[in-house]
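Values below: every heavy atom of this structure, side chains too, minus hydrogens, waters and symmetry copies. Below, chains carry the letters A, B, ... as their sequence lines are ordered, and counting in each starts from 1.
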Amino acid sequence: MSEYNFKETENKWQKIWKDNQTFKADNNSTKPKYYALDMFPYPSGAGLHVGHPLGYIASDIIARYKRIKGYNVLHPMGFDSFGLPAEQYAVQTGQHPAITTEQNITRYIQQLEKIGFSYDWSREVWTSKPDYYHWTQWIFIQLFHGWYNKETNKADTIHNLIKLFEVSGNSTVKAACDEDTKVFTAEEWKFMSEKEKSDTLLKYRLTYIANTMVNWCPALGTVLANEEVVNGVSERGGHPVERKKMQQWMMRITAFAERLLQGLDTIDWPEPMKDMQRYWIGKSFGAELNFKVVDKDITLTVFTTRVDTTFGVTYVSIAPEHELISELTTPEYKEAVTTFVTQAKNRSERDRMSDVKTVSGQFTGSYVVNPFNGEKIQLWIADYVLAGYGTGVVMAVPSSDERDFKFATQYNLPIITVQEGPKTDITKEDFDPKAGTMINSGFLNGLAVPEAIQKAIKFVEEKGFGKARTQYKMRDAIFARQRYWGEPLPVYYKEGIPHTIVEKDLPLELPQIDEYKPTATGEPPLGRAKNYTYKGYPLELSTMPGWAGSSWYFLRYMDPKNITRFASEKAVKYWNQVDLYIGGAEHATGHLFYSRFWNMFLYDMGYVTHPEPFKKLINQGMIQGRSSFVYRLGNTNHFISLNLAKKWSTYTLNEETDKFGIEELDELLFKFGASNTLEVKYKEENDGSIKIIYTPKIIALHVDVNIVHNDELDEDAFKKWRTDLADSKFIHEDGKYICGSEVEKMSKSKYNVVSPDDICDKYGADTLRMYEMFLGPLEQFKPWNTNGIEGVYKFLRKLWRLFYNEDGKLIITDNAPTPEELKILHKTIKKVEEDIERHSFNTSVSTFMVCVNELSSLKCNNKKILEELIIVLSPYAPHITEELWELLGHTESISLATYPQWKQEYMTESEFEYPISINGKMRAKINFPLDMPAADIEKQVLANEAVQKWLEGKAPKKIIVVPNRIVNVVL
RNA sequence: GCCGGGAUGGUGGAACUGGUAGACACGCAGGACUUAAAAUCCUGUGACCCUUAAAGUCGUGCGGGUUCGAUUCCCGCUCCUGGUACCA
């Protein structure tokens, strides 16, 4: 093979890698380990587009790089194969989602293999396979039998909690539990019924059943997440959604809030990503404060971060969902309150939150007492108060909080100013709630806000009005979906008490059902299964949410075939933590959060060796589509080239003054059979006269980007693209038809999807890999644009030609490398190594290009030089380098080679050319030996003729010599 | 509203800690080879000034500042983009 034949080369090596299992990771290696992980994909029906592999290519480069650096690398791939699209397809067609899923995965694997990734396919996992979800269910069971001990700050087994209850009840137990948990003694515990014990324990378990507000969609028969509800109807199908209190399986993730927050400081993640998680956890310090309700035996507790403003409280507001509302409403307000509450309930929480501009509320008729000054103030229901945060009750300080201010103004409630000084006026733009000093606030008067907060909290605790409290925004996660295509919850009910199924009976497999819809009685689809029971008892009909399987898959890769444990202790200990995780930033508060939670739990229980699953994280930016447009004249099949279209559509012609213009245009339009495409508009001028404007009607149409090359339209392909375009005519500019472009999301309907398969067929996988890296920084969002791909392709052919001459003869020599060649090589090794370490893949591609250009202009065909260059290049372009490696006489895969070390000795120069700047402007260049002292350089610079010219006889004030950089003369 | 990221030639982008802005690539222009085309190779390519050359001037979104020197640091804006949202 004397010409670079990427097809032959790539097929050959992909087959060899597969047959030899070249990239199989060893669990019993003595080498240091490196775990490089990609976020596994959901296999959608559309296949991969060119944006998907971006992160995979980067991690593959690192995996291959680490291999030749001597690491035992775990680089696996799998599929997050439970999910909604396959289920919806099943509902429509009756085809089992497993079939659809398998078809999609097969296609994904074919596509991935074509790009030449060094995955260890023997470790492939699918979350929808029973031997995988066996262990998802097992983790669920561990969580069910777990509780969180706040004393030791660790999760523990429920067995140990029961022992504590038996000894001293729950009053001494510090645990993460439901708010409404009642205090009981050991004696009381002993005499509880089985059901009572179960209910009590559920308040402590890390997976538990609770009544919570959910978005229920009757038409779809399932609970929806907040983001799936838009304007009160479901995102898919537009069915009405109601707020409903339902029994749901939950995960007590809030128990881990503090540790999930603290853990962020120990991991190497992008700072914005950590910030998102911090914000999501939403830790805030403040206090609980009790407000007694007048004439009722009720005390309302509020949470506030601003106890210092308590003297400014003029009313208290309560969430519409609050349980005590009916008790708190006086008879004369009953009707108004009921109307208001029903109204508010029908707006989903997100809906209410996004509609920030309007506030609404209703007086309950009740009054509460401000503990600080004994004042009687009104109790309102307000829809800006969220039931799920804090206590669901808020003390309102209209002078210091913008929402309270808006509400108070709207309902004519009093306002007491408690802060004075600059920026304390709430009606002004520059209002800062924490500015100024306290006034009208009794013992707090004159203090700045931070001190006032401290003093007020102390006061509250001393007087017994309440206590200091840390509050988190994060809430427990709902862990059940009323759907078919997910992991069945391994739970059955015996006399109304939930039990987990025995571990040896796992996995609890998804049953076959005839249809994938909810049952007629509104039960989840699993209600259709026949004999869906365990030991004769009914099983839970909900399945796990989409994030369950993806929350631990990185552990399964460590030992995917294990049937006795999710992964052997030895494997878990060896692989320990994911060293590098590459994936999109969109998972910040979902997958990445839940994975940390589950891993932390498993760590507490002694199943894994590190509390944080992902040591280092890199977010790759999304690759957007770059749509191409053609410009159609009116409703004809005449298309105008981009710049003509631009000109014409802004080219308004005035009949009076522009006779020539309109004739010219009309003639053109007529010539192309496109008359009647002029739009006539009338515009009134300042002087009252009417101006007639003609504009050609130009319609921009999306055109398939695959028939546009460097923005030039392939006209023949265009005519064949759609039958109605067969008779198209083109109005050219410079003899070509140029298309317009715009950056949009990649999607079928915009005809801007580019498949990696097409690129591989046309240019090869190595070109695709290098080009995707060359496109720009990994983290950056960027549009896909095939325009520059030729450059990378040319580079690979140029590399090939270092080995063969024009006659197809191998021209490698064993000569000793010249110093110049060595210098080029070692410069390249150094630069590429630095680039990989800081993930600047785009610059290393440039470095390779420079290197090959320089070597080829030196006509270098030295075996030693090329050998090392090929090793360094191999992570980027694995196929061509394997082929060339073999040509150099090696019989083993390049992945077993050793990464060459760059040597300073080949790169040092004896002289350095200093640019000389005078008052900041570059004026001359002079060579000096590297070891010349600064004082000597100064002298020689002043003596230099070229410099003298610029000095004009003046003596410089100062000379700055920056070693190996610059000499600056200041006049 | 709040929290991020960004703005550099015709285009994608480089410049790592302040030190020759525009590496590398695309595109474009010209040339070589060829009967021709493709492929390949060579040269030029920020703008202005200019017959040419030399030299010069201006240039990293806008306005200021610090510095001998700023794409880089500081202050104030504009626009684009991502996330998030009544969290008390």
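Under 4.0 angstrom from either OP1 or OP2 of B:A39 there lies no side-chain N or O belonging to A:R797. Between A:K798 and B:C41 there is a side-chain N or O to OP1 or OP2 distance below 4.0 Å. In this model, the phosphate group of B:C87 is approached by a side-chain N or O of A:R403 to a distance below 4.0 Å at OP1 or OP2. For B:U11, the OP1/OP2 oxygens have no side-chain nitrogen or oxygen of A:N785 closer than 4.0 Å. Side-chain N/O atoms of A:Q780 include one lying less than 4.0 angstrom from OP1 or OP2 on B:G13.
The side chain of A:I966 approaches B:G19 more closely than any other nucleotide in the set B:A88, B:C16, B:G19. Side-chain proximity of A:R475 to the nucleotides B:C24, B:C87, B:G13 is greatest for B:C87. Considering only side-chain atoms of A:N853, the nucleotide from B:G83, B:A25, B:A88 that sits closest is B:A25. You'll find that the side chain of A:S846 is closest to B:A23, out of B:C87, B:U40, B:A23. Ranking B:A14, B:U20, B:A88 by closeness to the A:K925 side chain, first place goes to B:U20. Side-chain proximity of A:R801 to B:A88, B:C24, B:C41: nearest is B:C41. Residue A:W280 places its side chain closer to B:A85 than to any other of B:A88, B:A85, B:C68.
Residue pairs meeting the side-chain hydrogen bond (donor to acceptor under 3.5 Å, both in side chains) criterion with at least one partner in residues 955-971 of chain A, sequence neighbours excluded, are A:S917-A:N968.
One P atom belongs to B:U72, the other to B:U60, and the distance between them is 9 Å to the nearest Å. B:U40 and B:U34 are spaced 12 Å apart, taking the C1' atom of each and rounding to whole Å. Comparing B:U20 with B:U35, their C1' atoms are spaced 49 Å from each other, to the whole Å. The same atom, C1', is picked in B:U66 and in B:G82; the two are 33 Å apart, to the nearest Å. Separation of the C1' atoms belonging to B:A21 and B:A15 is 7 Å when rounded to the nearest angstrom. Rounded to whole Å, the separation between the C1' atoms of B:C3 and B:G18 comes to 29 Å. When the C1' atom is used for both B:U8 and B:C80, the distance is 15 Å, rounded to whole Å. Spacing of P atoms, B:G59 relative to B:G9, comes out at 14 Å, to the nearest Å.
With ring centers used as reference points, A:Y793 lies 6.0 Å or more from A:F795. Taking the six-membered ring for Trp and the full ring otherwise, A:F928 and A:F912 have centroids separated by 6.0 Å or more.
One atom, CG of A:D401, and another, P of B:A85, lie 19 Å apart when rounded to the nearest Å. A:K831 places its NZ atom 12 Å from the P atom of B:C24, with the value rounded to the nearest Å. Atom CG of A:N842 and atom P of B:A14 are 5 Å apart (whole Å). Note: CZ (A:F841) to C1' (B:C16) measures 16 Å, nearest angstrom. We find that CG of A:L592 is positioned 14 Å from C1' of B:G83, with the value rounded to whole Å. Between the C1' atom of B:U84 and the CD1 atom of A:I281 lies a distance of 15 Å, rounded to the nearest Å. Atom CZ of A:R965 and atom P of B:U17 are 10 Å apart (whole Å). Taking atom NZ of A:K782 as the reference point, atom C1' of B:G82 lies 15 Å away to the nearest angstrom.
Mapping A:F912 and A:K958 onto RNA chain B by nearest heavy atom places A:F912 closer to the 5' end of the strand. Between A:D275 and A:V792, the residue anchored closer to the 5' end of RNA chain B is A:D275, taking for each the nucleotide with the nearest heavy atom.
Here A:P777 lies in heavy-atom contact (under 4.0 Å) with sugar-phosphate atoms only. Nucleic acid contact class of A:Y279 (heavy atoms, under 4.0 Å, all strands): sugar-phosphate only. Nucleic acid contact class of A:Y472 (heavy atoms, under 4.0 Å, all strands): none. Looking at heavy-atom distances under 4.0 Å, A:V850 makes contact with sugar-phosphate atoms alone, never a base. Residue A:E271 is classed as having no contact, given no heavy-atom separation below 4.0 Å to the nucleic acid. Residue A:I960 is in base contact, counting any heavy-atom pair closer than 4.0 Å across all strands shown. Residue contacts for A:D404: at a heavy-atom cut-off of 4.0 Å it reaches no nucleic acid atom on any strand shown. Counting non-hydrogen atoms under 4.0 angstrom, A:K794 reaches the backbone sugars and phosphates but no base. Residue A:R923 is in sugar-phosphate contact alone, with no base atom involved, counting any heavy-atom pair closer than 4.0 Å across all strands shown.
Heavy atoms of other residues, nucleotides or ligands lying less than 6.0 angstrom from CD of A:E945 number 12 at most.
Side-chain N/O atoms of A:T254 and A:Y472 include no donor and acceptor closer than 3.5 Å.
With hydrogens and angles ignored, the 3.5 Å screen pairs a side-chain donor or acceptor of A:N370 with a backbone N or O of A:T310. Panel note: side chain A:Q948, backbone A:L942; a donor-acceptor pair is recorded below 3.5 Å. Remark: the backbone N or O of A:T301 is paired with a side-chain donor or acceptor of A:T391 at under 3.5 angstrom.
One donor-acceptor pair, N or O on each side, does fall under 3.5 Å between the base of B:C68 and the side chain of A:N968.
When Watson-Crick and G-U wobble pairs are counted only if both distances are under 3.5 Å, B:G69 pairs with no nucleotide at all. Of all nucleotides present, only B:U43 satisfies the Watson-Crick or G-U wobble test against B:A29, with each distance under 3.5 Å. Pairing of B:G9, defined by two Watson-Crick or G-U wobble distances under 3.5 Å, is not identified with any nucleotide. The partner of B:C49, taking Watson-Crick or G-U wobble pairs whose two distances both stay under 3.5 Å, does not exist in any strand shown. B:A37: no Watson-Crick or G-U partner with both key distances under 3.5 Å is found in any strand. As the counterpart of B:C62, B:G76 is assigned, both hydrogen-bonding distances of the Watson-Crick or G-U wobble pattern falling under 3.5 Å. Nucleotide B:G1 forms a Watson-Crick or G-U wobble pair with B:U84, both donor-acceptor distances falling under 3.5 Å.
Look at B:G5: its glycosidic torsion is beyond 90° from 0, and that puts it in the anti range.
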| request: Go through the steps for A:T470 and A:K283 under the test side chain to side chain contact (heavy atoms under 4.5 Å, CB included), then give the verdict. | output: CA-CA 7 Å; A:T470 304; A:K283 184 179 186 174; 3.6 Å; yes

| said: Set out, in order, the CA-CA distance, both residues' side-chain angles and the distance that settles side chain to side chain contact (heavy atoms under 4.5 Å, CB included) for A:Y914 and A:K925, then state yes or no. | reply: CA-CA 6 Å; A:Y914 277 87; A:K925 282 175 188 176; over 6 Å; no

